[in-house]
Amino acid sequence: VDAAPPPHTTLTRAGMAQGAREVLPAAPAVVMMAAAFGIAAGQAGLGVTLAALMSGVVFAGASQFVALGLWHAPLPLLPMWVATFAVNSRFMLLGAAVSRWLSGLGVARRALAVALLTEVNWVQAVRAEQRGETDAGVLVGGGLLLWTLWLAGTVTGVLVGPAIPNPARFGLDLVLVLFFVNVLVDTWKGPGDLLPWAVAGAIASLPPSILPLQWSVLAGAVAGSLVGAWRDGR
Amino acid sequence: MAAEPQGVALATGVMAILGMGAVTYLARVGGLLLMAYVPPGPGVSAFLKHLSGCVLIALVVPTVWRGDVPVWAAVVATGVLARTKKPFLAIAAGMVVAAALRAL
């Protein structure tokens with residue numbers, strides 16, 4: 001289907017600056033969500049050191065909230081790690097989806113470029129690829145600013161505490177979903193997307209008793225893409 | 001270091017977090033590793049072609065499905081305005097709709 005040679009990917013400072021600029025409008029929402037995590041972390045008994053360490057090292061909101069739910073002595077280490085991997089397993093799909101676009105970089109730079117991979121800078125990379133760009137700096141620069149904001153928001157949340165207003169009051173909790181909706185409208189290529197998208201949505205929405213929530217994105221996206229690939233190959 | 005009777009010792013907390021970071025990085029790099037070992041072919045290309053859209057759908061649909069009226073209204077508002085190709089306008093409109101309905 002697609003036998004084009006791999007792109008000559010670069011990773012430049014200008015690309016990183018562009019990636020960071022693209023993230024700027026989302027900065028208030030990222031900081032507020034991070035502050036919400038910081039408040040919850042403080043209430044769960046993490047001091048500012050551990051909360052900041054978790055945001056800096058893990059940098060994946062949903063899994064951090066799950067870990068807070070398990071944060072009581074003695075810490076259930078193995079269940080916590082398994083749950084973290086399950087919730088973040090969707091990152092494998094994000095990486096796979098941009099793997100061809102990144103394939104022009106050396107192995108070490110590729111391994112570093114995905115260190116701060118999230119849905120937001122992944123979308124930046126997907127859109128850059130759609131525009132025919134080959135500078136992986138957008139992924140890294142976007143990730144670096146998101147990481148900085150996430151860390152700053154977390155520390156603020158722990159230190160200031162519940163005095164910070166709830167992000168839901170301003171609709172800030174929906175920014176990520178609305179961002180995805182916006183990109184989806186652009187990603188729609190025609191009726192051929194209907195079947196894979198319907199399968200992905202249906203599988204991802206299965207009740208938690210059948211499909212545990214932490215696997216929903218992975219299972220839905222894989223099922224939809226498999227059905228799409230099978231249909232295209234007929 | 002002695003821990004509070006109810007508290008989590010700092011060293012244990014650090015270990016828990018470093019482990020979380022390790023498995024999360026494994027997930028982040030896992031897609032690249034996997035694709036390095038999967039032989040390229042038309043089936044794999046077709047799968048990857050559908051993957052981005054299906055990931056986004058799998059992220060959005062459960063939230064909408066399990067959401068309430070403000071969430072639905074916000075998604076509709078952003079979805080309609082997304083056609084204007086003004087992403088900030090579309091997302092801001094969705095947030096305002098949700099915030100307004102929640103304030104009622």
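Residue numbers start from 1 in every chain, and the chains themselves are labelled A, B, ... in the order their sequence lines are given, proteins ahead of strands.
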Given heavy-atom pairs under 4.5 angstrom as the criterion, report whether the side chain, backbone, both or neither of [X] touches chain B.
X: A/Ala202; answer: neither
X: A/Leu94; answer: side chain
X: A/Trp122; answer: side chain
X: A/Val185; answer: side chain

Just so I know, are the side chains of [X] and [Y] near enough to count as touching, which here means a heavy-atom distance under 4.5 Å?
X: B/Val60; Y: A/Leu184; answer: yes
X: B/Thr24; Y: A/Phe85; answer: no
X: B/His50; Y: A/Leu226; answer: no

message: Tell me whether A/Asp173 is salt-bridged to B/Arg102, with the criterion being a basic N under 4.0 Å from an acidic carboxylate O.
response: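 Answer for the salt bridge query: yes.
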message: Given 3.5 Å as the limit, does a donor-acceptor pair link the side chain of A/Trp81 with the main chain of B/Val23, or not?
response: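 No, A/Trp81 side chain to B/Val23 backbone: no donor-acceptor pair under 3.5 Å.
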Any donor-acceptor N/O pair, B/Arg28 side chain to A/Met92 backbone, under 3.5 Å: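 The answer is no, because no donor-acceptor pair under 3.5 Å joins these two groups.
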- prompt: Which atom pair, heavy atoms only, marks the closest approach of A/Trp197 to B/Ile57?
  reply: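 Between these two residues, the closest heavy atoms are O-CG2, 3.4 Å.
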field: Partner of A/Phe180 by side-chain contact (heavy atoms from CB on, under 4.5 Å), out of B/Thr78, B/Val55, B/Leu56
entry: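 Only match with A/Phe180 under side-chain contact (heavy atoms from CB on, under 4.5 Å): B/Leu56.
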task: Working to the nearest 0.5 Å, report the span between CZ of B/Phe88 and CG of A/Asn182.
output: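 The distance works out to 9.0 Å.
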